[in-house]
K.L.:
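Next up is a structure, given as structure tokens.
Every value quoted in this text rests on a predicted model; they were computed, and no experiment measured them. Basis for what follows: all heavy atoms, side chains included, without hydrogens, waters or symmetry-related copies.
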Amino acid sequence: MTPSPHDETTPTEGPSDFIREKIDADLAAGRFDRVQTRFPPEPNGYLHIGHAKSICLNFGLAEQYGGPCLLRFDDTNPVAEDPEYVDAIIDDIRWLGFEPTDVVHASDYFDQLYAWAEELVGKGLAYVDDQDAETISAQRGGFGEPGVESPFRDRTPEENLGLLRQMRDGAFADGEKVLRAKIDMSASVMTMRDPVLYRIRRLPHHRTEDRWVIYPTYDWAHGQSDAIEGVTHSLCTLEFADHRPLYDWCLEHLELPHDKPEQTEFARLGLTHTVMSKRLLRTLVEDGVVDGWDDPRMPTLRGMRKRGYPPEAIRAFVDEIGVAKTNSTVEIELLESHVRRHHNAHALRRMVVLDPVKVVITNWPDGQVEHVEAVNNPEDESAGTRQVPFSGELWIERDDFMADPPPKYYRLTPGREVRLRAGYFITATDAVTDADGNVTEIRATYDPETKGGQAPDGRKVKATIHWVSAAHAEDLTVHLYERLFTDSHPGTEGDAFDSLNPASRETVSAKGEPALADVTPGEVVQLERLGYFAVDPDDTRTLHRTVGLRDEWANIQKRKG
RNA sequence: UCCCGGGUAGUUCAACUGGCAGAACGCCGGCCUUUGGAGCCGGAUGUUGCAGGUUCGAGCCCUGCCCCGGGAACCA
């Protein structure tokens, strides 16, 4: 496909931000002569749009500077981790359009990590502490208050080494002992107050199985993993800034195979009307608020995929929002705008009536069926045309007719002529209503001279509406989605779930033109005047609304209301 | 209370390291239109957190203050 100027971001110029500036400076100063990044998820959940920012950053940087970017599973804590997530994460990254240079695991380095721990102990820079978690935590002190040193802090390196080996060999119960770095219990940064490096967990690991009963903490594993792989720029989110002194401390006391990597923090992505924390997302799934991690209302990559968000749009969105250190919540409309921009260029146009009401064309020859030619995509001539059956009984959208319309309503109303898209001009004559006043049938006449939608005398109509021939209609189920949370910043005050939108999904039975029989799973089509819709991956008779089109009439209504 | 970040249109980011504060999305108005879509043209939006200081000139440098976020798991 040929990218139009407003389609996918062209990587020629590349965005500029403080991280790229830092990399350029490092390169210029000879600090590094190459660039290597990594994406290090913990396999304990599904990826969401926030991760996409990190993925695009890390893989994008590697691409831009011609270096590797590994996918590394940070699997140092078997409590929450599950191999189920490993495959899903790889799959999501590929879907986004990135291919890791290699897929590795922090657990691949357990031997080296342990050897380094013994090295640290030998240097008198780590010790085994017999106290329990609660005691250690209490001794850490508070903000502005120094901590107190553990009574086990001054064990000799020999004693510590023996104890550490016993820990490794399973001589102690879970929680009975930990290995701690010996740094400074009065450090102003909490993470430097003798952080825990190893804990005992008699739990099978998804890769090392039962080979280990001690597992390294994040702080003991992360920087070293970076160093082992040869990462130059280790990018993480803002909340890890306090860990940077510890990241550096660990690496400075070890013999490294490569130059010491540098950690740089950036702000995570927030989206309006969305929650991003794994805990909250899990609750949505477990409480049945949504159907699962891939529910189209979820901000997960799987959810967005099912919803019909193209990876190109997500990448263009991430490029546009840039990367900085300011906490940010981006308006979801910006993402949606990229989604529309992409589909506008690529999606085939189709006609579906979501809320059907019958139109009977009283002067149409009885039983006659004609075919009219409709353009598949006005943005892309190569998409061609299709034949759409036209007959004397049609479905149109209920709100495209009003017996008694307000001003500036351009659509069908008694006595007014409108165009049926790619079909004929019709003029409403009257409407049949039921006892409650609901319209059950609209009666109209057509002008046989206007086939294809043009009048030979050049007269204009103010509105064009979509339609489906009743006898040829495909029955469809269509899910219409609204924001999951009504509050733009759910949870900022009070419980996020208080602003859950009870009407975040509406399901309707719709009538589609015959071409809807030929859609493929996952395909996104534009339903004329309605929006973009994704075909369900498992049921081609079901559509999910990706995003609506901008609708000026709806805006007029909103302003009046 | 201590440490680290951060504060520029509604929102997200720029502003070439001191030289006329801009872009995108959103919003408003118009044009055009066989999608009230798309597209095109135009417009508004700011006490650059506050107060001082240096300077011919400060969003940028200095001083003091205010506000917001993060940090005291054997989570990551």
K.L.:
Measure the distance from CH2 on A:W467 to P on B:U35 and round it to the nearest whole Å.
P.N.:
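For the pair A:W467 CH2 and B:U35 P, the rounded distance is 15 Å.
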K.L.:
Which part of the nucleic acid, if any, lies within contact of A:E145, taking any heavy atom under 4.0 Å across all strands shown: a base, the sugar-phosphate backbone alone, or nothing?
P.N.:
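Result for A:E145 = nothing.
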K.L.:
Need one value for A:E397: base, sugar-phosphate or nothing, where a base atom within 4.0 Å counts as base even if backbone is also close, heavy atoms only.
P.N.:
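If one applies the 4.0 Å heavy-atom cut-off, A:E397 turns out to touch nothing in the nucleic acid.
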K.L.:
What is the separation between atom CE on A:M190 and atom P on B:C4, rounded to the nearest whole Å?
P.N.:
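So the CE-P distance, A:M190 to B:C4, works out to 13 Å.
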K.L.:
Looking across every strand, which nucleic acid part, if any, lies under 4.0 Å from A:S137 by heavy atom: base, sugar-phosphate, or nothing?
P.N.:
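Sugar-phosphate: the residue A:S137, judged by heavy atoms under 4.0 Å, touches backbone atoms but no base.
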K.L.:
Given B:C75, is OP1 or OP2 found less than 4.0 Å from the side-chain N or O atoms of A:R201?
P.N.:
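Looking at the OP1 and OP2 atoms of B:C75, one of them is under 4.0 Å from a side-chain N or O of A:R201.
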K.L.:
Is A:H338 close to A:E320 at the side-chain level, that is, under 4.5 Å between some pair of heavy atoms?
P.N.:
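A side-chain contact exists here, since the closest heavy-atom pair is under 4.5 Å.
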K.L.:
Rounding to the closest angstrom, what is the interatomic distance between B:U12 and B:A51 at atom P?
P.N.:
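Here B:U12 and B:A51 have their P atoms 23 Å from each other.
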K.L.:
Applying a 4.0 Å non-hydrogen cut-off, can you work out what A:R349 is touching in the nucleic acid: base, sugar-phosphate, or nothing?
P.N.:
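It contacts base atoms.
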K.L.:
Which value, in whole Å, describes the distance between the P atoms of nucleotides B:C40 and B:C25?
P.N.:
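Comparing P positions in B:C40 and B:C25 gives a spacing of 10 Å.
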K.L.:
When the P atoms of B:A15 and B:G19 are compared, how many Å lie between them, rounded to an integer?
P.N.:
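Here B:G19 and B:A15 have their P atoms 12 Å from each other.
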K.L.:
Determine the interatomic distance between C1' on B:A58 and the same-named atom on B:U47; round to the nearest Å.
P.N.:
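The same atom, C1', in both gives a distance of 15 Å.
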K.L.:
Are the ring of A:Y410 and the base ring of B:G36 both nearer than 5.5 Å at their centres and tilted by less than 30°?
P.N.:
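Answer is yes, a stack.
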K.L.:
Kindly say if A:N327 contacts the phosphate of B:G6, meaning a side-chain N or O under 4.0 Å from OP1 or OP2.
P.N.:
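It does not, given that no N or O in the side chain of A:N327 lies less than 4.0 Å from OP1 or OP2 of B:G6.
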K.L.:
Would you classify A:D132 as touching base, sugar-phosphate or nothing, given that sugar-phosphate means primed atoms plus P, OP1 and OP2, and contacts are heavy atoms under 4.0 Å?
P.N.:
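Result for A:D132 = base.
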K.L.:
Using a cut-off of 4.0 Å on non-hydrogen atoms, how would the nucleic acid contact of A:D74 be classed: base, sugar-phosphate, or nothing?
P.N.:
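Touches sugar-phosphate only.
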K.L.:
Would you tell me if any nitrogen or oxygen in the side chain of A:T326 comes within less than 4.0 Å of OP1 or OP2 on B:U12?
P.N.:
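So the side-chain polar atoms of A:T326 never come under 4.0 Å of the phosphate oxygens OP1 or OP2 of B:U12.
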K.L.:
Would you verify whether the NZ or CZ of A:K462 falls within 45 degrees of the ring axis of A:Y410 while also being under 6.0 Å from that six-membered ring's centre?
P.N.:
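Here A:K462 passes the 6.0 Å and 45° test against A:Y410.
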K.L.:
C1' atom, B:U54 versus B:A44: distance in rounded Å?
P.N.:
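Those two atoms are separated by 36 Å.
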K.L.:
Set out, in order, the CA-CA distance, both residues' side-chain angles and the distance that settles salt bridge (charged side-chain N to carboxylate O under 4.0 Å, His left out) for A:K22 and A:E262, then state yes or no.
P.N.:
CA-CA 11 Å; A:K22 177 182 170 9; A:E262 276 178 16; 2.3 Å; yes
K.L.:
Using a heavy-atom cut-off of under 4.0 Å over every strand shown, decide if A:V178 touches base, sugar-phosphate, or nothing.
P.N.:
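Since a base atom lies under 4.0 Å of A:V178, the category is base.
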K.L.:
Report the secondary structure of RNA chain B in dot-bracket form, marking unpaired bases with a dot and bases paired to a different strand with |, and treating Watson-Crick or G-U pairs with both distances under 3.5 Å as paired.
P.N.:
.((((((..((((.....[..)))).(((((.......))))).....(((((..]....))))))))))).....
K.L.:
Using a cut-off of less than 4.0 Å, is there contact between a side-chain N or O of A:R180 and OP1 or OP2 of B:A73?
P.N.:
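A:R180 to B:A73 OP1/OP2: no side-chain N or O under 4.0 Å.
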K.L.:
Below 4.5 Å, heavy atoms only, C-beta onward: do A:L335 and A:V339 meet side chain to side chain?
P.N.:
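Touching, per the 4.5 Å side-chain cut-off.
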K.L.:
Over how many whole Å does the gap from A:D242 atom CG to B:A76 atom P extend?
P.N.:
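Taking CG of A:D242 and P of B:A76, I get 16 Å after rounding.
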K.L.:
Indicate whether any N or O donor in one side chain lies under 3.5 Å from an N or O acceptor in the other, for A:Q263 and A:S234.
P.N.:
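No, no side-chain donor-acceptor pair sits under 3.5 Å.
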K.L.:
Say we look at B:A9 and B:G46: how far apart would their P atoms be, to the nearest angstrom?
P.N.:
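It works out to 10 Å between them.
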K.L.:
Without hydrogens or angle criteria, can the side chains of A:Y218 and A:N77 be said to hold a donor-acceptor pair below 3.5 Å?
P.N.:
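Short answer, no.
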K.L.:
Closest-nucleotide mapping onto RNA chain B: is A:G142 or A:H222 further toward the 5' terminus? I mean the 5' end.
P.N.:
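Of the two residues, A:G142 wins.
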K.L.:
How is A:Y215 classified with respect to the nucleic acid when contacts are heavy atoms under 4.0 Å: base, sugar-phosphate, or nothing?
P.N.:
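It contacts nothing in the nucleic acid.
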K.L.:
How is A:E42 classified with respect to the nucleic acid when contacts are heavy atoms under 4.0 Å: base, sugar-phosphate, or nothing?
P.N.:
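If one applies the 4.0 Å heavy-atom cut-off, A:E42 turns out to touch the sugar-phosphate alone, with no base involved.
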K.L.:
For A:K325 and B:U12, give me the distance from atom NZ to atom P, rounded to whole Å.
P.N.:
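Going from NZ in A:K325 over to P in B:U12 covers 18 Å.
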K.L.:
Whole angstroms only, please: what is the NZ-C1' distance between A:K462 and B:U33?
P.N.:
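After rounding, the gap between these two atoms is 11 Å.
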K.L.:
Give the rounded distance in Å between these two atoms: CD of A:E239 and P of B:G5.
P.N.:
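After rounding, the gap between these two atoms is 16 Å.
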K.L.:
Looking only at side-chain N and O atoms, does A:R411 come under 4.0 Å of OP1 or OP2 in B:U35?
P.N.:
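Checking A:R411 against B:U35: no side-chain N or O falls below 4.0 Å of OP1 or OP2.
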K.L.:
Would you say A:T191 reaches B:G71's phosphate, i.e. side-chain N/O to OP1/OP2 under 4.0 Å?
P.N.:
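So the side-chain polar atoms of A:T191 never come under 4.0 Å of the phosphate oxygens OP1 or OP2 of B:G71.
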K.L.:
Can you find an N or O donor on one side and an acceptor on the other, under 3.5 Å apart, linking the side chain of A:H343 with the base of B:A38?
P.N.:
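Not at all, since no donor on one side and acceptor on the other fall under 3.5 Å apart.
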K.L.:
Start with the C-alpha gap between A:R38 and A:E229, add the side-chain angles, then the distance that decides, and say whether salt bridge (charged side-chain N to carboxylate O under 4.0 Å, His left out) holds.
P.N.:
CA-CA 9 Å; A:R38 99 267 95 117; A:E229 291 162 5; over 6 Å; no
K.L.:
Syn if the chi torsion is within 90° of 0, anti otherwise; quick check, which is B:A44?
P.N.:
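It is anti.
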K.L.:
Can you check the A:R341 CZ to B:C25 C1' distance for me, whole Å?
P.N.:
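Rounded to whole Å, this separation is 9 Å.
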K.L.:
Between the base of B:U12 and the side chain of A:E320, is there a donor and acceptor pair under 3.5 angstrom?
P.N.:
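Side chain to base: no pair present.
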K.L.:
Salt bridge (charged side-chain N to carboxylate O under 4.0 Å, His left out), that's the test. Do A:D108 and A:R207 meet it? Break it down for me.
P.N.:
CA-CA 9 Å; A:D108 297 339; A:R207 293 192 47 99; 3.7 Å; yes
K.L.:
Write down the distance separating the C1' atoms in B:U45 and B:C60, rounded off to the nearest Å.
P.N.:
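Result for the C1' pair: 24 Å, nearest Å.
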K.L.:
Apply side-chain hydrogen bond (donor to acceptor under 3.5 Å, both in side chains) to A:T237 and A:R268, showing your working.
P.N.:
CA-CA 6 Å; A:T237 43; A:R268 56 167 15 130; 4.6 Å; no
K.L.:
If you measure from the ring centre of A:F143 to the centre of the six-membered ring in the base of B:G71, is it under 5.5 Å, with the planes under 30° apart?
P.N.:
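Yes; centroid distance and tilt both under limits.
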K.L.:
Describe the nucleic acid contact of A:R140 in one word from base, sugar-phosphate, nothing, applying a heavy-atom distance below 4.0 Å.
P.N.:
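Sugar-phosphate only.
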K.L.:
Does A:R550 place a side-chain N or O at less than 4.0 Å from the phosphate oxygens OP1/OP2 of B:G36?
P.N.:
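No.
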K.L.:
Given B:C25, B:C3, B:A76, identify the nucleotide with an atom nearest to the side chain of A:S188.
P.N.:
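Closest of the options to the side chain of A:S188: B:C3.
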K.L.:
Would you call A:H243 and A:M190 a side-chain contact if the rule is heavy atoms closer than 4.5 Å?
P.N.:
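Contact flag for A:H243/A:M190 side chains = no.
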K.L.:
Could you give the CG-to-P distance, from A:L197 to B:C75, as a whole number of Å?
P.N.:
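Interatomic distance, CG of A:L197 to P of B:C75: 13 Å.
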K.L.:
Distance alone, cut at 3.5 Å: any donor-acceptor contact between the side chains of A:E42 and A:N44?
P.N.:
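Present: a donor and an acceptor within the cut-off.
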K.L.:
Which part of the nucleic acid, if any, lies within reach of A:F18 when heavy atoms closer than 4.0 Å are counted: base, sugar-phosphate only, or nothing?
P.N.:
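Nothing: the residue A:F18, judged by heavy atoms under 4.0 Å, touches no strand.
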K.L.:
Looking only at N and O atoms, is any donor in the side chain of A:Q526 or the base of B:G37 less than 3.5 Å from an acceptor on the other one?
P.N.:
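No.
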K.L.:
What integer number of Å spans the C1' atoms of B:G43 and B:C3?
P.N.:
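Pairwise C1' distance, B:G43 against B:C3, rounds to 47 Å.
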K.L.:
Mapping A:Y532 and A:R340 to their closest nucleotides on RNA chain B, which lands nearer the 5' end?
P.N.:
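By nearest-heavy-atom nucleotide position, the 5'-most residue is A:R340.
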